[in-house]
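Structure first, commentary second.
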Number of protein chains: 2
Amino acid sequence: MDPHLLRTFVAVLDHRSFSGAAASLGYTQSAVSQHIAALEADLGSRLVERRPVAPTPAGARLLEHAPALLLRLDAARADIARLHQARPTHLTLAASPAALGPTVARALAELRATAHALDVEVRVLGREAVLSDVVGGRADLGFVDGAAAPSDPLPMPDLGPTTTLAAAEETLAVLFPLGHPLAGRRTVRLTDLAQAQWIDAPDTAVPLDRLRTVCRTDGFRPWIRHRGTDLHGLAALAAAGHGLAALPLPVAAALPGIAAVPVSEPRLVHRIELVHPVNPTAPARQLADLIGGRAGSRA
Amino acid sequence: MDPHLLRTFVAVLDHRSFSGAAASLGYTQSAVSQHIAALEADLGSRLVERRPVAPTPAGARLLEHAPALLLRLDAARADIARLHQARPTHLTLAASPAALGPTVARALAELRATAHALDVEVRVLGREAVLSDVVGGRADLGFVDGAAAPSDPLPMPDLGPTTTLAAAEETLAVLFPLGHPLAGRRTVRLTDLAQAQWIDAPDTAVPLDRLRTVCRTDGFRPWIRHRGTDLHGLAALAAAGHGLAALPLPVAAALPGIAAVPVSEPRLVHRIELVHPVNPTAPARQLADLIGGRAGSRA
DNA sequence: ATACCTTACGTGGACCGTAAGTATC
DNA sequence: GATACTTACGGTCCACGTAAGGTAT
């Protein structure tokens with residue numbers, strides 16, 4: 001179970017092709033074939049079905065472990081790298097789009113007021129990409145958003161040694177096109193909207209499966225899919241009536257062409273969590289302290 | 001970062017010796033030296049201080065990742081192995097000593113009444129060993145005990161894909177020697193005992209650092225150390241006045257030579273959690289269902 | 001017929017053991 | 001000076017690329 005073999009295993013199933021995986025990893029098809037054969041021999045099970053390429057049951061099990069293993073391997077390397085290349089004038093943030101609201105912006109402004117000559121970079125990414133950037137050392141600090149019951153934590157995948165901190169709780173809102181019958185309402189009940197047409201925008205809005213979980217329903221079925229992390233594109237879709245989406249009120253209220261209506265039932269908040277490694281860089285720690293001092297922390 | 005290198009890295013720091021690690025792994029000292037050198041070259045940091053052998057700061061970071069990585073590697077292998085060697089008439093349980101109380105015993109008896117010819121093996125181990133046996137496929141089901149606030153989960157290290165279930169909540173008790181001034185009390189307050197002499201028996205009783213956490217104090221200092229998983233040995237130490245220990249009341253009450261006094265403050269329970277892989281064997285699933293049906297489950 | 005994966009084979013490098021070297025107690 | 005880790009060196013095995021061989025669409 002060499003990590004290289006696991007990496008090509010994951011790549012093969014990502015690309016659904018041996019040759020595609022080979023190209024993306026800089027191997028020949030032959031090498032990829034040999035990697036998969038070696039893994040299958042080692043584990044004593046066929047892992048990949050060929051033609052078409054798909055995981056067998058055993059392969060599916062391995063797929064539950066392999067990405068986490070590779071991520072953690074990167075995390076270990078990044079943790080050690082951070083020890084001798086701490087650049088105190090650089091700060092790289094990774095954030096999901098809806099996490100970049102007034103709370104984070106204000107704290108960042110406050111930090112820059114005290115620390116001049118701070119070189120800040122912000123990367124807007126999907127949720128898993130934010131976490132993998134933080135864990136892999138490509139970002140000093142991450143902000144991830146989601147919906148949850150008040151003061152409940154967001155569910156986080158296994159991250160290894162990191163620190164998580166509640167950064168903000170905001171009102172959750174639903175985006176309606178301006179002419180929509182509910183667009184004028186002061187509040188809406190999310191459960192009433194379970195059967196509506198929704199935009200499946202897992203990296204920008206609150207993911208639909210998350211809405212299903214917190215509302216304990218199997219509604220919120222996707223009507224149109226939105227990939228990427230573009231809030232205005234999402235707003236344009238919503239404005240044109242392609243479906244509904246859930247966002248934090250402070251972010252939603254600033255979007256053009258739509259009406260943002262707060263959610264009253266069930267009692268939910270839009271929550272932003274800050275994630276940083278256990279040995280953060282100096283500016284990352286300062287920003288975390290600024291936000292933590294305001295919002296209260298948890299392990 | 002080959003897993004073999006990580007394994008010898010962990011072994012070297014466990015043994016605090018290159019030659020010791022070599023002996024335990026079946027390598028020569030030379031190979032171990034080369035492994036560490038390869039790791040250090042790969043990560044660009046000295047990881048191990050020699051003479052005496054100890055982790056450098058970078059090595060300490062790696063030590064936070066390496067055991068979890070190796071455990072998860074075993075878990076992946078075990079998950080796949082379980083797919084084609086499910087033996088429906090065997091059931092191997094792993095449990096920490098204080099988890100093997102009446103709740104588990106009764107459920108097991110109930111299972112054996114319905115499933116005849118079931119070949120049961122019980123392994124009593126320390127907490128981490130229980131988890132690593134379950135995750136590594138050496139046990140079908142694990143029971144881990146600990147102290148927590150009522151209906152709070154026990155803190156679990158990263159286990160990868162497993163299912164955890166609250167198996168029982170019992171009264172927490174403190175063991176006193178029979179002549180002790182507090183031995184006759186109906187209840188005691190744990191916070192009053194923070195400065196007492198305690199037995200440090202992390203694999204048998206509730207670990208002292210756990211008591212410190214739930215009581216939010218830095219008391220509960222170890223007075224004598226107890227290694228292994230022997231409840232009667234622990235009771236003998238307590239009976240002879242070598243220190244106090246915390247155990248679940250149903251278990252403590254059955255021990256000879258000591259007085260078991262329930263804890264009234266802070267509000268704590270002794271909790272037992274059941275851990276099993278996501279694809280359990282048939283008997284393991286039956287036992288988990290028996291216990292889950294009685295105690296209520298959680299993700 | 002043609003992608004696409006597998007197998008055969010040769011070379012270069014990685015890994016381990018033996019043995020000599022070096023540093024620390 | 002003894003113990004314990006490091007370095008040098010050689011043999012073996014493994015992993016990759018090239019190229020030929022299957023196989024299913």
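Reminder, nothing fancy here: chain letters follow the sequence lines and each chain counts from 1. Side chains included, hydrogens not; waters and symmetry mates left out as well; all remaining heavy atoms used.
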**Study point:** For atom CZ of A:Arg46 and atom P of C:dT6, their distance in whole Å
**Key:** 7 Å
Check your understanding: Side chains of A:Thr229 and A:Asp203: is there a donor and an acceptor less than 3.5 Å apart?
Key -> no
Review point. Separation of B:Leu25 atom CG from C:dG17 atom C1', in whole Å?
Key: 16 Å
Check your understanding: How would you label the contact of B:Val32 with the nucleic acid (heavy atoms, under 4.0 Å): base, sugar-phosphate, or nothing?
Key -> nothing
Review point. A:Ser33 has a side chain; which of C:dC5, C:dA19, C:dA8 sits nearest to it?
Key: C:dC5
Review point. Taking for each residue the nucleotide of DNA chain D bearing the nearest heavy atom, is the 5' side occupied by A:Gly26 or by A:Pro52?
Key: A:Gly26
Review point. For B:Asp79 and A:His65, does a side-chain donor sit closer than 3.5 Å to a side-chain acceptor?
Key: yes
Revision key, fill the gap. Checking A:Arg221, A:Arg210, A:Arg227 against A:Asp200 for salt bridge (Lys or Arg N to Asp or Glu O under 4.0 Å), the one that qualifies is A:Arg227
Check your understanding: Under the 3.5 Å rule, do the base of C:dT18 and the side chain of B:Thr28 count as making a donor-acceptor pair?
Key -> no
Point to revise | Under 4.0 angstrom between B:Tyr27 side-chain N/O and C:dC16 OP1 or OP2 | key: yes
Check your understanding: Going by atom types alone, do B:His4 and B:Asp2 pair a side-chain donor with an acceptor below 3.5 Å?
Key -> yes
Check your understanding: Does any donor atom in the side chain of B:Ser45 or A:His84 lie under 3.5 Å from an acceptor atom in the other side chain?
Key -> yes
Review point. Does a distance-only test, which skips hydrogens and angles, find a donor-acceptor pair under 3.5 Å between the side chain of A:Arg51 and the base of C:dC5?
Key: no
Review point. Using a heavy-atom distance cut-off of less than 4.0 Å, which residues of residues 2-22 of chain B contact DNA chain C?
Key: none
Review point. Is the closest side-chain donor-acceptor distance between B:Ser30 and B:Gln34 under 3.5 Å?
Key: yes
Point to revise | First and last nucleotide of DNA chain D, 5' to 3', lying under 4.0 Å from heavy atoms of chain A | key: D:dC16 to D:dA24
Review point. Could you state the CZ-C1' distance from A:Arg50 to C:dT7, rounded to the nearest angstrom?
Key: 13 Å
